[in-house]
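Here is the naming used below: chain letters follow the sequence lines, and residue numbers restart at 1 for every chain. Please read these numbers as outputs of a predicted model, since none were measured by experiment.
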2 protein chains.
Amino acid sequence: MPIFYVTCWYSSKNMSDQSPDASGPDGSGYLPGLALDAVIFGFHENQLRILLLEYRNTGLFALPGGFIRENEDLNAAARRMLAERTGLSDIYLEQFYVFGDQARHDPAPMRSIMIANGLAPTEYHWLLRRFVSVGYYALVDFTKAVPRPDALSDSCDWYDLDRLPQLMQDHQTIVQKALETLRINLDRKLVEWASSLLPDTFTMAELQSLYETILNEKLHRSGFQRKMLSLGVLERIDKKYTGGAHKAPYVYRFVAV
Amino acid sequence: MPIFYVTCWYSSKNMSDQSPDASGPDGSGYLPGLALDAVIFGFHENQLRILLLEYRNTGLFALPGGFIRENEDLNAAARRMLAERTGLSDIYLEQFYVFGDQARHDPAPMRSIMIANGLAPTEYHWLLRRFVSVGYYALVDFTKAVPRPDALSDSCDWYDLDRLPQLMQDHQTIVQKALETLRINLDRKLVEWASSLLPDTFTMAELQSLYETILNEKLHRSGFQRKMLSLGVLERIDKKYTGGAHKAPYVYRFVAV
DNA sequence: TTCTATTGTAACAATTTGTTACAATAATAA
DNA sequence: TTATTATTGTAACAAATTGTTACAATAGAA
């Protein structure tokens with residue numbers, strides 16, 4: 001019972017128009033039907049934001065996403081996509097959920113985007129087909145990122161979590177689920193996250209404001225300080241003279257594990 | 001710039017030999033390159049086991065897996081696969097990780113399995129290609145399941161977690177990650193899991209043994225009872241006369257949320 | 001020098017968890 | 001009937017953790 005399975009990519013234009021990695025604008029070279037969407041959390045001075053793309057002439061906003069090359073690990077694809085969008089490479093990145101309902105398949109917005117970009121996609125264009133998408137969340141200091149739009153979008157920028165524009169498809173759901181994951185994992189993953197979210201050294205007040213911003217609630221200063229110190233992962237470095245008319249706080253660093 | 005993307009399934013035999021759902025043994029009707037693997041945890045009387053398939057004449061063991069139909073939700077596919085393997089439908093099931101490294105692509109074992117089953121797969125047979133696999137864990141009372149082998153395997157049975165046979169590919173890693181997830185989530189998900197892991201009513205000792213088995217550590221009886229009662233989700237039902245020469249324990253039920 | 005805002009930490013209370021102890025049984029055997 | 005036994009439910013207390021308040025120690029500005 002010899003059976004053959006072949007995935008074919010047809011392009012009416014030039015099959016040879018491909019980037020060096022052998023993945024091209026016709027979708028060839030990518031794993032078919034599988035995508036990534038990333039909720040990139042940016043933190044800086046009490047502010048928690050996420051990175052969104054705005055598509056040209058459409059008023060449509062979306063999470064940065066991407067595809068997986070045939071000769072690429074899934075997580076590596078997420079890391080590559082992230083670097084393309086932010087210019088950052090050593091940041092925390094983790095899967096949190098796979099969005100695989102049929103209901104999320106809605107070719108209309110993507111068709112609008114393509115048309116707004118001067119393309120005339122056929123009904124069966126690969127970008128208009130059903131995708132199962134792996135959700136990733138990433139953590140960065142947003143002052144370190146250099147957001148770059150992708151080929152179809154004219155802006156890539158940070159948006160306050162509580163003032164998000166209307167998002168495409170199920171991207172609002174994806175953001176919500178990412179935020180839940182962030183909150184659930186905060187205590188357990190703090191040390192892993194620290195280098196992505198905080199400068200090398202930081203004051204206790206900065207660490208507390210990170211907690212408060214992520215959890216969206218006020219914490220008691222004294223108890224917080226005691227709890228953090230009791231974790232045994234903080235090393236006190238120096239005093240920090242901020243210029244304020246008050247005692248100078250210490251700066252801390254997470255000790256290597 | 002009209003571009004076409006078409007996925008083609010070639011079968012040297014009969015393209016019409018398909019199940020009613022339009023997914024066939026040639027892989028057509030399924031989302032290409034995407035699979036599921038399930039770690040089905042079975043609990044009963046202090047024992048935690050998982051369900052494994054043994055492939056005919058190969059000595060190879062594997063997690064039950066499956067594919068996603070083109071007109072099926074991802075989670076629905078997992079639920080269907082689970083029902084096919086266990087006969088159970090109302091059980092707890094959740095994604096925990098996507099395994100998407102290229103390194104996991106190793107066609108050798110699957111080729112052996114197919115050959116052992118009298119098939120002569122070509123090099124490009126769909127089952128021998130790279131798959132990204134969504135890992136699910138499920139929770140059942142293993143006395144309620146009726147394990148059924150799939151087409152290529154001659155047994156489907158429960159194995160003690162600490163006495164697993166050698167598993168195919170990266171399935172050992174998948175089991176490990178599922179177990180970690182189970183432990184991390186136990187407290188937070190207890191109520192959701194209860195109906196899959198415990199009988200409708202249960203004694204405190206049974207609940208404690210569930211905890212101890214999952215966490216693989218002894219807990220203090222008194223503190224455990226107090227903690228569980230303080231959750232405010234247990235309803236005391238009745239006494240249970242077990243026949244033992246001692247005080248009869250109460251049986252509890254989780255109250256509806 | 002005084003004043004102000006913020007920090008680090010002590011002090012104590014409240015709560016939660018760890019541990020031990022013991023009375024309350026269901027059977028069983030004397 | 002009456003011990004005996006194994007387990008259960010919970011009280012009692014200790015230990016640890018967390019919540020809250022208080023206060024001394026500044027770094028700068030007035």
For B:K144, give me all partners under salt bridge (charged side-chain N to carboxylate O under 4.0 Å, His left out), at least two apart in sequence or on another chain. none

For B:T86, enumerate each residue passing the side chain to side chain donor-acceptor pair (under 3.5 Å) test, keeping only those at least two apart in sequence or located in another chain. none

Set of residues satisfying side chain to side chain donor-acceptor pair (under 3.5 Å) with respect to B:E54, sequence neighbours excluded: none

Sequence neighbours excluded, the answer for ring pair (Phe, Tyr, Trp, His ring centres under 6.0 Å) partners of B:F41 is none

Within the 4.0 Å heavy-atom criterion, would you say B:K239 contacts the bases, only the backbone, or no part of the nucleic acid? sugar-phosphate

DNA chain D-proximal residues of residues 203-217 of chain A, any heavy atom under 4.0 Å: none

Outer limits of DNA chain D sitting under 4.0 Å from a non-hydrogen atom of chain A, read 5' to 3', are D:dT18 to D:dG28

Residue list, side-chain contact (heavy atoms from CB on, under 4.5 Å) with A:R163, at least two apart or on another chain: A:D160

Determine all donor-acceptor pairs shorter than 3.5 Å in which one atom belongs to a side chain in residues 236-256 of chain A; sequence neighbours excluded.
residue	atom	partner	partner atom	Å
A:K240	NZ	A:E206	OE2	3.4
A:T242	OG1	A:G244	N	3.3

Partner residues of A:D150 under the side-chain contact (heavy atoms from CB on, under 4.5 Å) criterion, sequence neighbours left out: A:L53, A:Y55, A:R85, A:L152, A:S153

What's A:S222 touching, base or sugar-phosphate or nothing? Going by heavy atoms closer than 4.0 Å. base

Determine to 10° how strongly the helix from C:dT1-D:dA30 to C:dA30-D:dT1 is bent, judged from the axes of its five-pair ends. 20°

Please name all residues satisfying side chain to side chain donor-acceptor pair (under 3.5 Å) with B:T203, sequence neighbours left out, ordered by chain then number. none

Donor-acceptor contacts, no H, no angles, side chain residues 219-231 of chain B, under 3.5 Å, sequence neighbours left out:
residue	atom	partner	partner atom	Å
B:K227	NZ	B:D187	OD1	3.4
B:S230	OG	B:K227	O	2.8

Please confirm whether the backbone N or O of A:V134 pairs with a side-chain atom of A:Q95, one donor and one acceptor, at under 3.5 Å? no

Toward the 5' end of DNA chain D, which comes first, A:S230 or A:H246, by nearest nucleotide? A:S230

